[in-house]
Amino acid sequence: MKQADRIYYGGDYNPDQWDENTIAEDMRLFKKAGINLLTLPVFAWAKLEPDEGVYDFAWLDRIIDQIWANGIYVCLATPTTAQPAWLSTRYPEVLPVDIQGRKRTHGMRVFFCVNSLKYRERAAAIAEEFAKRYAHHPALAMWHVSNEYGTYCYCDNCQAKFRLWLRRRYGSVAGLNEKWHTSFWGRTVTSFEEVTLPTERNDDYRFNPAIQLDYMRFVTDSTAECFMNEYRVLKKYNPEIPVQTNMSGFIKKLDQFTLTKYMDVVGWDNYPWPHHPPYFVAMKHDIMRGLKGGQSFVLTEQSPNQQNWQPYNKLKRPGEVRMLSYQAMAHGADTCLFFQMRQSIAGQEKFHGAIISHAGHEHTRVFRESEQLGCELEQLGDVFIGARSPAKVAILMDWNSWWALEQSSGPSKDMDYLDALSRYYRPFHERSIPVDFVNPGADTDYSGYALVVAPMLYMTREGVAERLTEYVREGGRLVTTVMSGLVDENDRCVFGEYPGKLRDVLGVWVEEVDALRPDESNRIHLTGALPMKQESYGCNFLCDLLHTRGAEALAVYEEDFYAGMPCVTRNRFGKGEAYYVGTQPEHAFLTELMGLICVDAGISGLFPAEEGVEITRRVSEKGEVIFVLNHNRTGAAEVDFGASRLTDLLHGGTVTGKRQIAAQDVLICRTEA
Ligand code: GLA
Ligand code: ZN
C-alpha cells in the first residue's frame, strides 16, 4: 500500500463554495502555511451528480490539477454523506425514520438509511466515477469514504433486515427467545416477523436491553457494509491507495472495533471539549490506535480554533493547537489534518474555526500558528510515519460491554464506561507508561503484556474470562473492578456468584453491590499488606460487598454496615496474580496502587518528569522518536533523560540529562544510534 513520505498537513477544503480568484488565493496561502494535503470534496454530491447518473466532474478535474500543480496532495472523499435533494425526493426510502417513528425530511447530512439499497446503489455509482477518474492521479494520497457515519434508522426496511440478521444469528425463534430471555414479562415471540425494532427503548428502561444490544450490533454491521460498498469499488481501480473514513470523535453508537476491521487505516476526528484533561484526550488517541492492533492512524480532523456547536465556543489558546497536534502524533497519528481550510461564508458552521478565517488573509493569529506548525512538520519529514508504540500495559476496552453497562437498569444510573477507563488510564499517563487498548476476545494474545487492566468489564463474551484466567495462570497480572464479569453477550447474568467466570482467578465472590448517591461516600482502609502513603482513602459510586476465597484483602471498608468487609484484594493464582477493586477509589489510591503493581511487574515510565508532562515513544525501522509535551499553562517542567542521548529534531543539538521544557512547549527527538 502507498506509504506517505511526509506528515500530511492540511484538511477539509470546499472549493465548491468558492470562486476562481478565491481558490487561486487559497493556493498561495496553503503553500505559505506548509499545507501539503487537502481533503475534498466531502459535501459535493449534488454538484457532481446534478441528476441521477448525470455527472459533472469537469470542475473537480480542474481543481485537483490545480492543487497538484501547486505540489499539494489530495485525500479524495466520496461525497456520500450528503445525498442530493433529487435522490431523497425521488426515492424517499433513502431518508431515515427516527426512533419516534417520524419519517425525516431532506436537508441534513449523515441523514440516510444505511440499509437503503437505492442509497447504496447511488453511493457505489458515484464512488465508481471517482475511482475511474482519479485512482491513478499522482495527487491522490488516500481515499476518504463518506463522512462521520452514525445514523440510526427505524424504517420498515431496517426492520426487515434486522429480522434476517437475527435469523442468521440465532437460527431459530426458540434460540432467540432463550438468548433474549423473553419469558421475562412474557415477551416471547413465535416468529421472527413478530420482532419489532427497539423504538420503545427511548428512555424507557422497561424495554428488554438484549434487543437494543443486538440492534446496535446490527446498525454497526449495516454501517460497515455501507462503507464496504464503496471500499470495494475504490479498491478495484487501485489497491495501492489506502481507504478510510473519518469517524466522528469517539462515538459510542458504533462498535469501532467492528467498523474498522476492513478499513486500511483508522481515521478519526478529534474535537476535545475545553474541560477534557490531557490524559483524557491521550486515552482516546490510544483507543483509536488500538482499533487495528497498534497501527498508526489518520487524524482526519481537528479544529484550528473554536467550534461552533459547543454551548460556549472557547478559542484555542496560543500554542494549544500545536500541543493538540503533537499529542495526536505522539499517540500514533501520522497526519495533522483540520476542519477546515477556509471558513464558510454562511451555513450551519460559519463560526467554526478555520485556517483562513472570514478576514480572508494571512495576518491572523491562527494563520501564523498554522504556518509555524507547517514549517515544523516539514522539518520532521517522515521520521515517525508508520511507527508503533510498544507497551507493556494493556487496558481492555469493549464496545458491547460499554453499551450493555450504560443501558443497564441498575445498580446505578451514573454508569460511565469512558470515565471508568480514564480513571485507570490516568495513573499510567502520569508516569509516562505506554498503554495499549485491546478488545478482549477468546483468543486475544496477552503474552506481550506484563499487566492487563480491565475496568468495568461488565460483559465477558464467550471465552474472554477463560483467556484472562489462562494469562494470569501463566504469570500475568490482571486488575479488574466492580461491575466486571456480570453478564454474557446477551446481557444475561452469569449464574452463580459474581463476578461470574472471573471469580476463580480473582479468588473472591461478590455477594451484593451497593449504589451510593452522588453525595455519599465511604472510605477504604488499608490492611497493611501494601506500602501505601495513607492509611485510608475515599471511595464512592459503587461498593461491592465481597468475600475472599483464596485472595488476600488489601483494604476494607471503614463505614456503613459492611465496614470491615474487603474491598480491594489480591489473589496469587498460578504463576501470576489478580487484583480486584470492588469500588471506585479516589485518584490518590488508584495511582499509588498502579504504581506499586508496575514496580512489581518491572514496568517503568519512559523518563522521569515533573507533573503535567506527557512522554511517549514511537518506534520503527527508521529509529525511535520521543515526544515530550509540557501541558502546564505556566512554568517550565523538568525531564530527566539520564544517560540517554537524543537529537532534538526541531531545534537540533543533543538532549541528555536534565532538561527544562517551557510551558505549553514540546520536545521531539530521536534516539542517537
Ligand atoms: C465534523 C465533520 C466536519 C465538520 C466538523 C466541525 O467532524 O466531519 O464536516 O462539521 O465536525 O463541526
Ligand atoms: Zn432504515
Side-chain angles (χ1 to χ4, degrees), residues 10-14 16-17 38-45 75 77-83 88 91-104 108-120 144-165 196-199 215 218-223 225-226 244-251 267-273 284 288 298-311 313 316 321 324 328 337-344 346-355:
D12 280 40
Y13 182 51
N14 303 291
D16 42 320
Q17 294 178 22
L38 296 168
T39 302
L40 76 168
V42 179
F43 299 103
W45 194 348
C75 166
T78 63
T80 50
T81 193
Q83 73 270 19
S88 301
Y91 307 100
E93 63 158 88
V94 305
L95 288 169
V97 169
D98 70 15
I99 193 162
Q100 277 94 14
R102 294 177 302 183
K103 178 76 178 171
R104 304 312 300 264
M108 300 282 283
R109 64 173 190 179
V110 208
F111 221 54
F112 50 86
C113 168
V114 285
N115 287 310
S116 156
L117 292 180
K118 196 69 203 178
Y119 170 82
R120 290 199 191 172
H144 172 301
V145 171
S146 204
N147 195 75
E148 295 196 337
Y149 284 112
T151 305
Y152 265 59
C153 175
Y154 299 85
C155 74
D156 289 346
N157 181 33
C158 285
Q159 172 147 301
K161 238 191 113 181
F162 183 47
R163 289 171 180 160
L164 278 176
W165 187 92
T196 51
L197 295 180
T199 47
Y215 197 60
F218 166 75
V219 176
T220 297
D221 287 354
S222 303
T223 306
E225 278 172 20
C226 222
Q244 46 91 26
T245 182
N246 61 330
M247 293 185 297
S248 161
F250 189 80
I251 40 166
W268 90 285
D269 299 343
N270 181 29
Y271 290 95
W273 287 68
K284 289 182 167 190
M288 292 295 126
V298 177
L299 178 72
T300 33
E301 287 179 27
Q302 59 173 346
S303 176
N305 199 3
Q306 82 282 4
Q307 268 71 58
N308 63 286
W309 39 261
Q310 292 177 345
N313 295 284
K316 293 273 182 338
V321 172
L324 284 167
L337 304 178
F338 295 97
F339 176 89
Q340 54 193 330
M341 292 298 107
R342 184 182 268 279
Q343 198 167 23
S344 59
Q348 297 84 322
E349 296 194 325
K350 61 184 180 299
F351 289 127
H352 193 284
I355 305 249

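Heavy atoms only: backbone and side chains are in, while hydrogens, waters and symmetry mates are out. In listed order, ligands and their atoms are each counted from 1.
Formation of a donor-acceptor pair under 3.5 Å by the Arg120 side chain with backbone atoms of Val114 is found in this model. A donor-acceptor contact shorter than 3.5 Å links the side chain of Asn246 to the backbone of Glu148.
With no hydrogens or angles considered, no side-chain donor-acceptor pair links Asn157 and Asn115 at under 3.5 Å.
Considering every non-hydrogen atom in both Glu93 and Ser116, the closest pair reads OE2-OG, 2.7 Å. Nearest heavy-atom pair, Leu324 versus Pro272, reported as atom, atom and distance to 0.1 Å: CD2-CG, 4.0 Å. Closest heavy-atom contact between Phe339 and His352: O-CE1, 3.4 Å.
Contacts of ligand 1 (protein heavy-atom distance under 4.0 Å) are Phe43, Arg109, Asn147, Glu148, Asn246, Asp269, Tyr271, Glu301, Trp309, Phe339, Glu349, His352.
Between Tyr154 and Tyr152, the ring-plane angle classifies as tilted under the 30° and 60° cut-offs. Ring geometry for Tyr119 against Phe112 counts as parallel: the plane angle stays under 30°, on a 0 to 90° scale with 60° as the upper cut.
The number of protein N/O/S atoms found under 2.8 Å from the Zn ion (ligand 2) is 4.
Of the residues Cys155, Cys158, Cys113, the one that meets the side-chain contact (heavy atoms from CB on, under 4.5 Å) test with Val97 is Cys155.
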